[in-house]
Amino acid sequence: MSEGTGSGAWRMPASPYRGSWRLDGRFWPTVRDDPADAEAISHKLSVRAGLVRQLAAGLYTVTPMGLRVIQRVEAIIREEMNHIGAQELLMPVMHPAEIWEATGRYGLSEQFRLEDRGGRKMVLGMTHEEIVTWHAARELRSYRDLPQSWYQIQTKLRDEPRPKSGMLRVREFTMKDSYSFDADEAGLEKSYEAHSAAYARIFDRSGLLWYRVESDVGMMGGSGAHEYMAPSPSGEDVVARTASGSYAANVELAVSVAREPDFGDGPVAPEEFATPGIGSIEELAGFTGQHPATLAKSVVLVADSGPVLAIVRGEHQVHEKKIAHLIGEHRAAHPEEIREWFGADPGSLGPIGVSDAVRIVADSTIETGHYVTGANREGFHLRGVVLGRDFQAETADIRTVIEGEASVDGQGPIELVPVIEIGNIFKLGKKYSEPLGATYLDEKGQEQVIIMGSYGIGPARVAMAAIEQGHDENGIIWPTGIAPFDVHIVLIGDADSPQGEYAGMLWGQLSDLGLEVLLDDRPGLRPGEKFVEADLLGCPVRVTVGKRTLPDGPLEVMVRRTGDKSEIALDGAAEAIRALWAGLAAG
RNA sequence: CGGGACGUGGCGCAGCUUGGUAGCGCACCUGCUUUGGGAGCAGGGGGUCGCGGGUUCAAAUCCCGCCGUCCCGACCA
């Protein structure tokens with residue numbers, strides 16, 4: 001039998017103030033040097049500022065300090081989700097495989113799969129559409145039960161092909177995922193708009209610059225989707241948008257008005273000409289002196305149905321996801337396959353005279369103009385090739401957008417911006433409710449399929465995007481909404497010195513005013529070390545308390561974002577600091 | 001999945017080409033001094049050099065295999 005003495009061998013005193021910390025005795029592992037294998041700024045700074053530690057590729061532990069930021073993001077999310085009437089619940093991370101088999105998503109390459117001791121197939125959840133729908137199918141029986149919005153903040157596991165950039169692309173992460181259940185499309189529209197409004201507030205309160213863009217539905221399926229993107233050089237996605245934001249879309253589905261090159265007059269029929277040693281579009285443009293837009297690029301893909309020849313203008317590229325909508329899953333052709341189907345090597349390929357087995361898909365831009373294409377003969381090309389006259393092809397938008405092309409809304413040129421995806425919203429429709437039998441009885445007693453939506457946010461990505469968007473050479477500059485603390489008091493001197501006692505008092509007063517305050521009361525550290533670490537951590541307001549502060553002040557206060565220092569009187573200092581912070585928070 | 005780079009005390013690195021006593025800075029421990037922007041001096045602890053095999057009298061170093069981590073690519077002919 002054991003007993004508690006209550007004496008408390010642990011030396012760190014509990015804080016009487018909810019949310020405020022004294023630093024002495026805390027685990028806060030900062031580092032001087034950038035981690036050797038870090039590239040992204042958020043990766044370097046999140047490690048150096050002692051917010052996270054890596055366990056393995058794509059697996060990170062969040063430290064007590066890092067957790068404060070994550071929990072602040074989550075608190076904002078909870079408030080805004082609750083505000084639109086979404087209800088928090090919690091679903092398991094491990095799922096029976098059968099449920100995923102029902103929707104055809106068992107066996108996805110990113111899915112962690114395992115067996116329990118009885119040999120039952122299980123999966124680790126990469127998302128929770130299947131599970132939430134499984135429950136909805138059992139619990140929601142009547143139109144009177146609808147609508148519903150449920151959300152959770154729960155771990156997701158994905159066996160990423162390439163985890164990267166610190167916490168930005170990981171194999172295990174926490175996600176806020178919500179799901180709406182409506183009786184019809186009009187209901188879904190309302191739920192979707194409610195989430196859209198909540199997301200705007202969440203990302204605004206998190207202090208991010210963000211874009212809402214049209215997006216591909218991807219592995220979620222469904223009828224429509226938007227992504228929330230935070231611009232950052234470390235982002236993996238690219239958004240095409242006008243300067244005003246009048247048009248904004250993921251490049252995976254972005255459209256634009258292609259520039260029209262001057263084709264000049266072409267021959268009445270294709271003419272073959274020698275192009276010795278010419279392989280790439282760049283070489284061909286240099287050789288012919290023609291603009292790349294008048295050269296047709298031929299790309300050979302292999303779909304389940306067989307070989308596909310995709311044709312775009314030389315300045316464009318075939319977009320993987322766009323063409324996937326037409327031809328489905330596919331891969332690049334091997335050189336041997338290309339030789340078999342075209343009788344030539346890559347570099348001299350074209351649409352004329354190819355085997356009937358090859359499906360030809362041309363980008364819509366190819367419908368106008370005449371082009372130089374490969375002749376399917378080593379070292380030769382054809383000029384004056386015209387779609388419809390000289391060869392037949394399906395046409396569709398299969399190209400990438402390039403910077404500077406005109407926006408389809410007439411609002412000026414398109415710019416391409418690298419972004420971090422911080423959230424997304426999907427209109428799922430019946431994609432999951434149908435196969436999992438989530439139905440209800442309407443007013444007339446007719447069975448109807450529930451119309452669903454799903455909505456995700458990655459809190460850690462929000463935090464990392466904030467670092468990407470807010471930092472300088474000294475460290476992080478947190479937005480006020482998600483900073484680990486509102487105010488960081490640097491105490492110069494020991495806790496039991498007069499200035500130490502004053503700092504403790506100020507810490508209490510500020511906390512009583514509703515601020516979350518970090519008091520750096522660690523003994524033995526030099527002032528410089530405390531300042532450097534305060535800059536690294538990046539709380540919005542820093543207050544310095546030292547010998548000079550007493551007996552008559554003033555207090556030195558610094559705003560992290562601007563570096564502006566001001567001196568304030570001891571009398572009413574806490575209120576003045578709170579007012580300063582409130583001014584920053586108000587933006 | 002393809003390509004590349006890197007694995008040496010906790011962190012950041014040198015040493016490897018040309019095999020022969022494992023080194024530097026920071027961090028850590030002790031003492032003294034110092035205390036408003038990553039202190040100084042003195043003393044000290046800590047590494048079977050990612051793992052396995054091979055060559056050799058001898059391997060951090062050369063060879064083979066594996067593992068790990070990061071970066072680039074994964075249609076762009």
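Proteins get letters first, then strands, A, B, ... in listed order; numbering begins at 1 in each. Just the heavy atoms: all of them, side chains too, but no hydrogens, waters or symmetry mates, feed the values below. Worth saying up front: this structure is predicted, and the values here are computed from it rather than measured.
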Extract from the structure each pairing of a protein N or O with an N or O of nucleotides 37-47 of chain B at less than 3.5 Å, listing the distance.
from  : atom 1 : to     : atom 2 : distance (Å)
B:G37 : O6     : A:R542 : NH1    : 2.8
B:G37 : O6     : A:R542 : NH2    : 2.7
B:G37 : N1     : A:D535 : OD2    : 3.0
B:G37 : N1     : A:R542 : NH1    : 3.4
B:G37 : N2     : A:D535 : OD2    : 2.3
B:G38 : O2'    : A:R32  : NH1    : 2.6
B:G38 : O2'    : A:R32  : NH2    : 3.3
B:G38 : N2     : A:E533 : OE2    : 3.0
B:A39 : OP2    : A:R526 : NE     : 3.0
B:A39 : O4'    : A:R526 : NE     : 3.3
B:A39 : N9     : A:R526 : NH1    : 3.3

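Rounded to whole Å, the C1' atom of B:A22 lies 11 Å from the corresponding atom of B:G9. Taking atom C1' on both nucleotides, B:C41 is separated from B:G37 by 22 Å, rounded to a whole Å. Nucleotides B:C11 and B:G47 are separated by 14 Å at their P atoms, to the nearest Å. Look at the P atom in both B:G20 and B:C63: the space between them is 15 Å, to the nearest Å. For B:A5 and B:C64, the P atoms lie 14 Å apart once the distance is rounded to whole Å. Remark: the separation of the C1' atoms in B:G19 and B:A60 is 10 Å, to the nearest Å. Rounded to whole Å, the separation between the C1' atoms of B:C29 and B:A59 comes to 34 Å. Separation of the C1' atoms belonging to B:C32 and B:G50 is 42 Å when rounded to the nearest angstrom.
Set against B:U35, B:C70, B:G12, the side chain of A:D33 has B:G12 as its closest nucleotide.
For the salt bridge (charged side-chain N to carboxylate O under 4.0 Å, His left out) condition, the pairs that include at least one residue of residues 46-67 of chain A, sequence neighbours left out, are A:D34-A:R48. For residues 370-389 of chain A, every residue pair satisfying the salt bridge (charged side-chain N to carboxylate O under 4.0 Å, His left out) rule, not counting sequence neighbours, is listed here: A:E271-A:R383, A:E272-A:R377. Annotation: salt bridge (charged side-chain N to carboxylate O under 4.0 Å, His left out) contacts involving residues 351-360 of chain A, sequence neighbours excluded, comprise A:R359-A:E394. Listed by first then second residue, pairs satisfying salt bridge (charged side-chain N to carboxylate O under 4.0 Å, His left out) with a partner in residues 558-574 of chain A read A:D472-A:R560, not counting sequence neighbours.
Remark: B:A39 base-pairs with B:U33; criterion is Watson-Crick or G-U wobble with both hydrogen-bond distances under 3.5 Å. Across the strands present, B:U48 finds no partner; the criterion is a Watson-Crick or G-U wobble pair with both atom distances under 3.5 angstrom. Nucleotide B:A77 has no partner under the Watson-Crick or G-U criteria, as no pair reaches both atom distances under 3.5 Å. Base pairing annotation: B:A27 forms no Watson-Crick or G-U wobble pair, as no partner gives both donor-acceptor distances under 3.5 Å. Across every strand in view, B:C57 sits in a pair with B:G20 that passes the Watson-Crick or G-U test at under 3.5 angstrom. Pairing for B:U69 is with B:A5, a Watson-Crick or G-U wobble pair whose two hydrogen-bonding atom distances lie under 3.5 Å.
A:S165 comes within 4.0 angstrom of the backbone, heavy atoms only, and of no base. Nucleic acid contact class of A:A56 (heavy atoms, under 4.0 Å, all strands): sugar-phosphate only.
A:Y60 places its OH atom 10 Å from the P atom of B:U69, with the value rounded to the nearest Å. Computed from coordinates, the A:L55 CG to B:G68 P distance equals 13 Å when rounded to whole Å. If you measure from atom NZ of A:K44 to atom P of B:C11, you get 18 Å, rounded to the nearest angstrom. The interatomic distance linking A:D37 (CG) with B:C11 (P) rounds to 11 Å, in whole Å. In this structure, CG of A:L550 is placed 14 Å from C1' of B:G36, rounded to the nearest angstrom.
Taking the ring-ring contact (aromatic ring centres under 6.0 Å, His included) definition, one finds that A:F112 meets it with nothing, sequence neighbours left out. Checked against ring-ring contact (aromatic ring centres under 6.0 Å, His included), A:H370 has the following partners two or more places apart in sequence or in another chain: A:F263. A:W478 pairs by the ring-ring contact (aromatic ring centres under 6.0 Å, His included) definition with nothing, not counting sequence neighbours. Checked against side-chain hydrogen bond (donor to acceptor under 3.5 Å, both in side chains), A:W100 has the following partners two or more places apart in sequence or in another chain: A:H95. Scanning for salt bridge (charged side-chain N to carboxylate O under 4.0 Å, His left out) contacts around A:D363 gives A:R399, with sequence neighbours left out.
Side chains of A:H381 and A:T275: a donor-acceptor N/O pair is present below 3.5 angstrom, by distance only.
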Exercise. Decide side chain to side chain donor-acceptor pair (under 3.5 Å) for A:N250 and A:E227; before the verdict, give the C-alpha distance in whole Å, the side-chain angles of both, and the deciding distance to 0.1 Å.
Key: CA-CA 8 Å; A:N250 192 311; A:E227 287 165 328; 2.7 Å; yes
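Here A:Q54 reaches the OP1 or OP2 of B:C70: one of its side-chain N or O atoms lies under 4.0 Å away.
Rounding to the nearest 0.5 Å places CG of A:L23 at 6.0 Å from CH2 of A:W28.
With A:Q469 contributing its side chain and A:S232 its backbone, the two residues share no donor-acceptor pair below 3.5 Å.
Applying a 4.0 Å cut-off to non-hydrogen atoms, none of the residues of residues 369-384 of chain A approaches RNA chain B.
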Quiz item: Can you give one letter per nucleotide of nucleotides 72-77 of chain B, 5' to 3': B if a protein heavy atom sits under 4.0 Å from the base, S if only from the sugar-phosphate, - if neither?
Solution: BB-BBB
